[in-house]
Visitor: 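Handing you a structure now.
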2 protein chains.
Amino acid sequence: MAKAKRTPKWQRDPEGMRLRILEAAKQEFSAHGLAGARVDRIAAKAGANKRMLYYHVGNKDELYLAVLEGAYDKIRSEERGLDLEHLDPPEAIRRLIEFTWNYFLRNPEFLSLLQTENLARAKHLKKSTKVKSMHSPFVEMIRTVVRRGVDGGDFQVAVDPVQLYISIAGLCFFYLSNSATLSVIFGRDLLDKKAKDERLAHMVGLVLAALTGQSVALFEIAKAPKSRSVVAQTV
Amino acid sequence: MAKAKRTPKWQRDPEGMRLRILEAAKQEFSAHGLAGARVDRIAAKAGANKRMLYYHVGNKDELYLAVLEGAYDKIRSEERGLDLEHLDPPEAIRRLIEFTWNYFLRNPEFLSLLQTENLARAKHLKKSTKVKSMHSPFVEMIRTVVRRGVDGGDFQVAVDPVQLYISIAGLCFFYLSNSATLSVIFGRDLLDKKAKDERLAHMVGLVLAALTGQSVALFEIAKAPKSRSVVAQTV
DNA sequence: GAAGAAATTAACCCGTTGGATAAATACTGT
DNA sequence: ACAGTATTTATCCAACGGGTTAATTTCTTC
């Protein structure tokens, strides 16, 4: 028998493999949900063997939780880089909305994972020790912005930062995560460029108008004079 | 051999059976999603045999679509009874928000079903002929309210009714459908009575303030003087 | 009271799926 | 070069789950 096999069939790369597995799992879980996800497909997509999943991460549930924690970790860390402190309050809120919107656009799997986890009534997330300790200092960031806005006279009311955050996230989240059914219902494509631009303008206008008491459509239109209405639309 | 079996083991009731199957399926699908739902559990919950599902409705996918169509049918019909025409515009918007909020609260399975269907990118809904024809005349209802509000000077801007509807639905939907993960993240129970009351007040305040340009917290507080802040919260 | 249709039950089929076992292959230190 | 360990592969399997087949029971009607 010739000795053969001079070239290694694979390189050892445990950390790389772990990452590929998690990435593949993220796609699979977000595309099919927890129950619909197939362990074999994850393995194949990661260029790995099914046994590897169990070796490197654990069983299906642990894998799912790891993906979920990773997703939260990612958004929280990006949020931290937002520093809204040295913007004047209305501009800070605008930036927050734009960040949230764009993050959701860039990371659709995050939306799907959240939906999946909420469908499961956060059963898995509750078990996570990591995520609980991540309570966003983000809320404090927003609280500060609101306080500054009120003190400086820009904002009319000192809104609860958690409510505000949930509202902003909700305005973005619902539109994007439900765009499929909404598009069918309303018979328009909500994901083409124009629709997305209009939505962003609408959300910024809605929230800022509520906070400042002035129709934001005004300076919105001033900024982009050619787009004919943005929040407002002549009747 | 004695003849036995004088009392019938079951009554024939095809329509009742069909309804029980659909109700059981609704619960199962909303609790576990499409892939997670178990045909056997549906049958058991309906007090039926698995074969009955196929006899009365069809296979798992058809069953799911039937449930989904039923859910849409229900909310659309309730919406039709809202008649906002003879309310003055701000009050009409308030009622719309309250209706949406309460409907979602009363029908949590509807939220779950929507989430599930959107996770599937509306694959099934697109096949439905019924739902497409249900385009809500609701949008026209809202358009009329907005137009009246602008004409009468109550509203500052003529917002696109579809955007407004999506915003209202989104504010309600996200809070409720994601309350499980949000509660974990923020470490507060978002579903107790007080939290729900505050949320409703926040949403009404946000939307009406944006539309009218006046901080709605004012007449909100006037109406319910004992609740200490509603939209606003002193800093 | 018998025939035929409608509704219901029980039992089985068979591909899928999560997970396990054990062997093979690459790397590390000595 | 050898031993020991970490990583990867190749198979296997028991449970499950959707769907089907065929028999059984009730209702209708003539």
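Below, read A as the first sequence line, B as the second, and so on, with proteins coming before strands; counting in each chain starts at 1.
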Visitor: Backbone N or O of A/Glu69 within a donor-acceptor pair of the A/Asp73 side chain at under 3.5 Å?
Guide: no

Visitor: Checking only heavy atoms, does the side chain of B/Arg51 share a donor-acceptor pair with the base of D/dT21 at less than 3.5 Å?
Guide: yes

Visitor: From C/dA7, D/dG18, C/dG18, pick the nucleotide closest to the side chain of B/Tyr54?
Guide: D/dG18

Visitor: Could you tell me the separation between the CD atom of A/Glu28 and the P atom of C/dT17, rounded to a whole number of Å?
Guide: 10 Å

Visitor: Check if the side chain of B/Lys60 and the base of D/dG19 share a donor-acceptor pair of N or O atoms closer than 3.5 Å.
Guide: no

Visitor: Partners of B/Asp40 by salt bridge (charged side-chain N to carboxylate O under 4.0 Å, His left out), sequence neighbours excluded?
Guide: B/Lys50

Visitor: So does A/His56 get a side-chain nitrogen or oxygen closer than 4.0 Å to the phosphate oxygens (OP1/OP2) of D/dT8?
Guide: yes

Visitor: Do A/Arg20 and A/Glu23 sit within salt-bridge range, that is, some charged N less than 4.0 Å from a carboxylate O?
Guide: no

Visitor: Round to the nearest Å and state the distance from A/Asn49 atom CG to C/dA23 atom P.
Guide: 16 Å

Visitor: Roughly how many Å is it from CE in B/Met52 to P in D/dA22, rounded to a whole number?
Guide: 20 Å

Visitor: Quick one: which of D/dT8, C/dT8, D/dG18 gets closest to the side chain of B/Lys50?
Guide: D/dG18

Visitor: Rounded to whole angstroms, how far apart are CG on B/Leu63 and C1' on D/dG17?
Guide: 15 Å

Visitor: If you take any heavy atom closer than 4.0 Å to DNA chain C, which residues from residues 19-27 of chain B end up in contact?
Guide: none

Visitor: Looking at B/Arg121, is its backbone amide N or carbonyl O close enough to the side chain of B/Asn118 to form a donor-acceptor pair, meaning the two atoms are under 3.5 Å apart?
Guide: no

Visitor: Let me know the distance between OH of A/Tyr55 and P of C/dG18, rounded to the nearest Å.
Guide: 22 Å

Visitor: Nearest to the A/Asn59 side chain among C/dT21, D/dT8, C/dG19, which nucleotide is it?
Guide: C/dG19

Visitor: Give the ring-plane orientation class for A/Phe110 versus A/Tyr103, where under 30° counts as parallel, over 60° as perpendicular and anything between as tilted.
Guide: perpendicular

Visitor: Checking side-chain polar atoms at under 3.5 Å, does A/Arg95 have a donor or acceptor matched by the opposite partner on A/Thr100?
Guide: no

Visitor: Would B/Phe174 and A/Phe174 count as a ring-ring contact (aromatic ring centres under 6.0 Å, His included) here? Give the steps.
Guide: CA-CA 6 Å; B/Phe174 179 73; A/Phe174 180 72; 9.4 Å; no

Visitor: Are any side-chain N or O atoms of B/Glu117 and backbone N or O atoms of A/Thr181, one a donor and one an acceptor, separated by less than 3.5 Å?
Guide: no

Visitor: Round to a whole Å and report the spacing from CE of B/Met17 to C1' of D/dT26.
Guide: 13 Å

Visitor: Looking at DNA chain D, which of residues 36-44 of chain A put a heavy atom within less than 4.0 Å of it?
Guide: none

Visitor: For the backbone of A/Glu85 and the side chain of A/Asp83, can you confirm whether one donor and one acceptor N or O come within less than 3.5 Å of each other?
Guide: no

